[in-house]
Each structure stands twice: as C-alpha cells, then as structure tokens.
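Predicted model only: the values in this text are computed from it and were never measured.
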Amino acid sequence: IWRYNMKNDFEMIVKKLPIDVEFVNIYPLGDLHIGSPNFGHDLWYKWKSKVLNDPNGYVVIIGDLLDNGLKNSKTNSYSAAMRPFEQKEWLKKELAPLKDKIIGCVRGNHEKRSINESDDCPLYDVLAKLDLEDLYREHMAFVKVSLGFKNKTRQWSYNLVLHHGGSPNKTKNFSYSIDNMDVLITGHTHTPTTNFPSKIVIDPRNETVSMVGYIHVVVPSFQKAGGYTLEGMYLPQQDAGRIPILKLKGTEKGVEMLWI
C-alpha cells in the first residue's frame, strides 16, 4: 500500500542561493484569516505587491492564513465571507505568483481545526496544489538559508525557526531550548513585535563564555478592527498595516530587522 509520508518537523528545509547574492529579504506571512469578514484585502494586496516587486524577496508562512470557521470551532461559521473551500481556492490563486519565493511553511491553530475534524490540513492542500508540499511542516519548521561568499568552501548561513506561536511567555521560554537559531518567527497573538533576546553560551573547548543573541519576530495580523477583535478585546495595533522584513546579509554575518 502506497502512503505519502509528510515531512518530519526535524527535517531541515535548505535554501541555497548563489554566491553573488549580497542580501535577501525575508517576508514573514501569517494571520491573514482569509474568510473572516474583517480580513483586510487592502493590507494583503499592499503586502503582495511589495514582495512581488522585490527581486531579493522570499516568503515564510507562519499559519492561520485561512480563518476556517467550522461548526465546532469558536469562529461563527455563519458570518464567514467565504466558505472553507472558497478560502482554499482564493489562497491558491493569490499565492501562485509568489510560488518561487516561498521557502517554508507551518500551519496555525485555525488550519488545525480541519486536522482535528477530518485529518486534513487546508494549508497543506494549498501548498500541494502549488507543488510546494515538501516545504510544509505541521508543527515547527527549521529553515537554513545560505547565500554570498564566506570562504572557498562556505557561504554565510542563517537558521530560521518557524512556529505559529502560543502565549507570549510560553513562546519566549521555549525559544531558549533551541541552539544556533538566528531568527524565531511566530504569530498567533496579533501583536506585531520584535525582540532581541540573548543566551549565555559556554564553550569548554576554547574556555570562553559569551552572549549569543537572536531575533524574535511576531508577525502582524491582516485582521481589521471589528467583530472578532472587539469580542476578544484585542487591543488595536498601530503597526497592524506595517510590513516586517528580515534582511539577511551575504557579505558578512548579520540580520537587520525592518518595519515598513
């Protein structure tokens, strides 16, 4: 019996770029909630245009692209602007021009609703339609991006960790369990933030103790104020319409965090 084995979370996704690439811009994408009556179409088209017009731009997906309101979920399925099937079709069409820029994907809790109900992830289905299913991870994704020229045998490399996210304290505490991580990208809270934590690293071989930092980015939601956001008493976010960009350098080791 043939059985497709979905990629294991611990199977690293590797994106190797040419040695003459001086930098890349990583655009994290999450919490669109397509199908919600409060989905900001104008925010989406602004984001999409920015990525399509950036020759050095690449995309990582953090989940909850689909609102996916089912009868047994908290979301009121009767107020949805699109049926779950229509949400998948719309997302597939919208992501098609970005297909070659996507380098990693994890699902969110809204997509998990369908997994719990029928063992089917609508976000995985969308990626499979785009022939990108090998970039999908169910829980957490580890993405290595290599670019530029470091020496004769090596490039500059960056380790990105993708997770939809949980409560702020739980996400922060778990991040300390991951070594050699340059960037952690999460969502879920609808509170766009950037933090710069550090870890104390003991190197017994060289007999040194040093501080090693990483960047934690929480992506903004594409939801506009009203309905669900008011019911849940989510605070309005001034940066909700701004776009986070992670610039990875190919001439030296370095990450710049931009909000535009």
Side-chain angles (χ1 to χ4, degrees), residues 1-15 26-41 43-45 47-48 51-52 58-143 160-166 185-188 219 221-223 228:
I1 299 175
W2 181 87
R3 178 181 174 86
Y4 177 77
N5 292 316
M6 187 177 293
K7 297 290 185 180
N8 186 281
D9 293 335
F10 290 112
E11 185 171 344
M12 181 171 276
I13 301 168
V14 178
K15 180 66 176 180
I26 304 296
Y27 292 82
L29 176 64
D31 291 307
L32 266 69
H33 292 280
I34 296 164
S36 164
N38 300 110
F39 171 55
H41 287 81
L43 300 178
W44 163 250
Y45 289 117
W47 184 93
K48 182 179 177 182
V51 178
L52 285 174
Y58 292 90
V59 177
V60 292
I61 295 173
I62 314 300
D64 276 8
L65 300 198
L66 306 169
D67 202 48
N68 199 33
L70 307 180
K71 286 186 177 181
N72 294 326
S73 60
K74 293 180 180 179
T75 303
N76 181 0
S77 59
Y78 299 107
S79 67
M82 299 183 200
R83 296 164 53 197
F85 172 78
E86 294 171 326
Q87 295 172 31
K88 287 201 301 183
E89 288 298 306
W90 191 91
L91 181 60
K92 179 193 70 175
K93 176 179 69 71
E94 290 295 323
L95 288 182
L98 298 165
K99 173 183 174 180
D100 294 334
K101 290 177 172 287
I102 298 171
I103 61 174
C105 173
V106 291
R107 57 100 179 131
N109 58 294
H110 279 244
E111 288 95 14
K112 189 184 178 187
R113 293 169 173 174
S114 292
I115 297 175
N116 293 341
E117 292 288 332
S118 61
D119 192 31
D120 178 68
C121 177
L123 186 53
Y124 174 85
D125 292 344
V126 170
L127 262 68
K129 280 284 190 178
L130 298 172
D131 293 323
L132 298 176
E133 60 265 36
D134 285 353
L135 300 180
Y136 173 88
R137 300 294 185 270
E138 187 172 1
H139 307 101
M140 182 175 288
F142 301 88
V143 183
L160 315 180
V161 178
L162 317 179
H163 189 278
H164 182 60
I185 306 173
T186 64
H188 185 64
V219 302
S221 166
F222 284 66
Q223 287 266 70
Y228 171 81

**Q** Quick one, Y136 and M6 - any side-chain contact, counting heavy atoms below 4.5 Å?
**A**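 Yes, side chains in contact.
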**Q** Got L160 and I13 here, is their nearest side-chain heavy-atom distance under 4.5 Å?
**A**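 Counting from C-beta outward, L160 and I13 never come under 4.5 Å.
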**Q** With sequence neighbours left out, write down each residue that passes ring-ring contact (aromatic ring centres under 6.0 Å, His included) with H41, or none if nothing qualifies.
**A**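 In terms of ring-ring contact (aromatic ring centres under 6.0 Å, His included), with neighbours along the sequence ignored, H41 is linked to F39, W90.
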**Q** Report yes or no: does R107 contribute a side-chain atom to a donor-acceptor pair with the main-chain N or O of D64 at less than 3.5 Å?
**A**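 Between the backbone of D64 and the side chain of R107 there is no qualifying donor-acceptor contact (under 3.5 Å).
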**Q** Between I62, L29, I61, which is the residue that forms a side-chain contact (heavy atoms from CB on, under 4.5 Å) with I185?
**A**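 Result: among I62, L29, I61, I62 is the only option passing the side-chain contact (heavy atoms from CB on, under 4.5 Å) with I185.
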**Q** Looking at residues at least two apart in the chain, or sitting in another chain, which of them share a side-chain hydrogen bond (donor to acceptor under 3.5 Å, both in side chains) with N116?
**A**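 For N116, no residue satisfies side-chain hydrogen bond (donor to acceptor under 3.5 Å, both in side chains) once neighbours in sequence are set aside.
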**Q** Calculate, to the nearest 0.5 Å, the distance between atoms CG and OH belonging to L52 and Y45 respectively.
**A**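 Rounded to the nearest 0.5 Å, the CG-OH separation comes out at 12.0 Å.
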**Q** On a heavy-atom basis, which atom in D31 and which in L65 lie closest, and how many Å separate them?
**A**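 In terms of heavy atoms, the two residues are closest at N-CD2, 4.4 Å.
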**Q** For residues S114 and L70, determine if any side-chain heavy atom of one lies less than 4.5 Å from a side-chain heavy atom of the other.
**A**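 Yes. Closest side-chain heavy atoms under 4.5 Å.
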**Q** Under the side-chain contact (heavy atoms from CB on, under 4.5 Å) rule, what do L66 and H110 come out as? Steps first, then yes or no, please.
**A** CA-CA 7 Å; L66 306 169; H110 279 244; 6.0 Å; no
**Q** Between S36, P122, C121, which is the residue that forms a side-chain contact (heavy atoms from CB on, under 4.5 Å) with N68?
**A**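 Answer after filtering S36, P122, C121: P122.
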**Q** Got a sec, which residues hit salt bridge (Lys or Arg N to Asp or Glu O under 4.0 Å) with K101, two or more places apart in sequence or on another chain?
**A**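 K101 satisfies salt bridge (Lys or Arg N to Asp or Glu O under 4.0 Å) with no other residue.
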**Q** With sequence neighbours left out, which residue pairs that include part of residues 83-92 fulfil the salt bridge (Lys or Arg N to Asp or Glu O under 4.0 Å) condition?
**A**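 Sorted pair list: K88-D125, E89-K92.
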**Q** Taking atom CD1 of I102 and atom CG of L95, what is their separation to the nearest 0.5 Å?
**A**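 That separation rounds to 5.0 Å.
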**Q** Atom CE of M82 and atom CG of D67: how far apart are they, to the nearest 0.5 Å?
**A**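 The CG atom of D67 is 10.5 Å from CE of M82, to the nearest 0.5 Å.
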**Q** How far does NZ of K93 sit from CG of L130, to the nearest 0.5 angstrom?
**A**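 Between atom NZ of K93 and atom CG of L130 there are 12.5 Å.
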**Q** Would you please name every residue forming a salt bridge (Lys or Arg N to Asp or Glu O under 4.0 Å) with K48, sequence neighbours left out?
**A**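 Only E94 meet the salt bridge (Lys or Arg N to Asp or Glu O under 4.0 Å) criterion with K48.
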**Q** In chain order, what residues pass the ring-ring contact (aromatic ring centres under 6.0 Å, His included) check against Y58, with sequence neighbours excluded?
**A**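 For Y58 there are no ring-ring contact (aromatic ring centres under 6.0 Å, His included) partners, ignoring immediate neighbours.
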**Q** Between R137 (side chain only) and E11 (backbone N and O only), is there a donor and an acceptor less than 3.5 Å apart?
**A**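 Checked: pair present.
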**Q** Measure the shortest side-chain to side-chain distance between C105 and L132 over non-hydrogen atoms and say whether it is less than 4.5 angstrom.
**A**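 No, every pair of side-chain atoms sits at 4.5 Å or beyond.
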**Q** Can you tell me how far apart CD (Q87) and CG (L32) are? Round to the nearest 0.5 Å.
**A**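 The CD atom of Q87 sits 11.0 Å away from the CG atom of L32.
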**Q** Hey, are the side chains of F222 and H33 touching, using non-hydrogen atoms and a 4.5 Å cut-off?
**A**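 No, too far: nothing below the 4.5 Å cut-off.
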**Q** What is the distance from atom NE2 of H163 to atom CE of M140, rounded to the nearest 0.5 Å?
**A**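 Result: 4.5 Å between the selected atoms.
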**Q** Determine yes or no for a side-chain-to-main-chain donor-acceptor pair under 3.5 angstrom, with D9 supplying the side chain and H139 the backbone.
**A**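 Yes, D9 side chain to H139 backbone: donor-acceptor pair under 3.5 Å.
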**Q** Looking at E111 and G63, would you say the former's side chain and the latter's main chain have a donor-acceptor pair under 3.5 Å?
**A**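 Judged by distance alone, no pair lies under 3.5 Å.
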